[in-house]
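FYI, side chains are in, hydrogens and waters are out, and symmetry mates aren't considered; it's all heavy atoms of this structure. Convention: sequence-line order gives letters A, B, ...; per-chain numbering from 1.
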Number of protein chains: 2
Amino acid sequence: MEGAEATRIMIGVNESTIKGYPHASISSRGAFDWALQKIIRSNTSGFKLLFLHVQVPDEDGFDDMDSLYASPEDFKNMKYRDRTRGLHLLEYFVNRCHEIGVACEAWIKKGDPKEVICHEVKRVQPDLLVVGSRGLGPFQRFAYYHEISHADLSCRVFVGTVSEFCQKHAECPVISIKRRADETPQDPVDD
Amino acid sequence: MEGAEATRIMIGVNESTIKGYPHASISSRGAFDWALQKIIRSNTSGFKLLFLHVQVPDEDGFDDMDSLYASPEDFKNMKYRDRTRGLHLLEYFVNRCHEIGVACEAWIKKGDPKEVICHEVKRVQPDLLVVGSRGLGPFQRFAYYHEISHADLSCRVFVGTVSEFCQKHAECPVISIKRRADETPQDPVDD
């Protein structure tokens, strides 16, 4: 199997709800670290990581970017660094890949994370999708979705997590990495 | 990450419904080949494969075996070769690992596959569980489970597949590998 094309692993990453932007969530970092330690290991040339950050649209009038970010220089040279949310988040992952010597690409899309991730899987066709999960129990999840459904009563709310949705609908194998118990914040809904 | 302990991947394997015992199902072989090609690649010393075959109890009075099978010799030397179902199935996977140079272990348990797999994950604590899936659509699955519920009307039937159950309940990350379209038999319930 030497010389075969690299295994392309897509990792969905989002920002921390505790530390705020541009810090990566505990789950995102957990998913990334798990892929490095358990899958890629010392075989850095056998893999390519594809980081997707899905930004939920807000009033800032954020636009999709078609550019790809694959090395620390790409972030230094860009024009709209301060105007575009999400970039610093990707910078963390791209920098770490660069240090370790794993090829990577990173990009941002806006929309509903679960729908966009599945759409991007269809478009990019990775070998594997890795998503972090807070590992919430049924009661915590109920509380979480109950809150959302209050904000928009006219919507039918998907009762489940982004990772569960992707496991059902993404057109590639999916691994959901649960957050480690010793990294769970006081309020487990935080990340 | 050199010198770290090998990543232990458990793979649930079962027999073919078409070719009959001792042939491995298309899904099982698919899950194994996927792990070799996409995860292990050329890094054979970085991984250990753990093959679990769960035998559904029947009238043959089959007993659990505590022995582990880790090399082709283990199968030649055993006493009860012909009396114990499932062994030839494991032999296929152990032989292939031996050829490729990946360390492995294999064992058999009896019971309800989805329950036993989750129980064995708890006991053995692999880094990752890989299960094959026939990739049946909702209608095909309904037909499948409907049939089972006729045979035992007093049972509440789990509506879903072994891989879906494991993704929800196994205490480790789980990858479900769908059978390739070009390998799907005429009746997709077959495997």
Rounded to the nearest 0.5 Å, how far apart are [atom1] of [X] and [atom2] of [Y]?
| X | Y | atom1 | atom2 | value |
| --- | --- | --- | --- | --- |
| Gln167(A) | Lys168(B) | CD | NZ | 10.0 Å |
| Ser45(B) | Asn43(A) | OG | CG | 9.5 Å |
| Ile175(B) | Ser176(A) | CD1 | OG | 11.5 Å |
| Glu171(B) | Lys178(A) | CD | NZ | 8.0 Å |

>> Taking the side chain as everything from C-beta on, heavy atoms only, tell me whether Leu128(B) gets closer than 4.5 Å to Ile39(A).
In response: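 Touching, per the 4.5 Å side-chain cut-off.
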> Which heavy atom of Thr7(A) sits nearest a heavy atom of Gln37(B), and at what distance?
Replying inline: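 Minimum heavy-atom contact is OG1-O, 4.1 Å.
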>> I'd like to verify something: which residue of Ile9(A), Ile177(A), Val174(A) has the highest number of heavy-atom pairs under 4.5 Å with chain B?
In response: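 Counting heavy-atom pairs under 4.5 Å, the top option is Val174(A).
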> Restricting to pairs with a member in residues 123-132 of chain B, which pass salt bridge (Lys or Arg N to Asp or Glu O under 4.0 Å), not counting sequence neighbours?
Replying inline: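 Listed by first then second residue: Lys38(A)-Asp127(B), Glu120(B)-Arg123(B).
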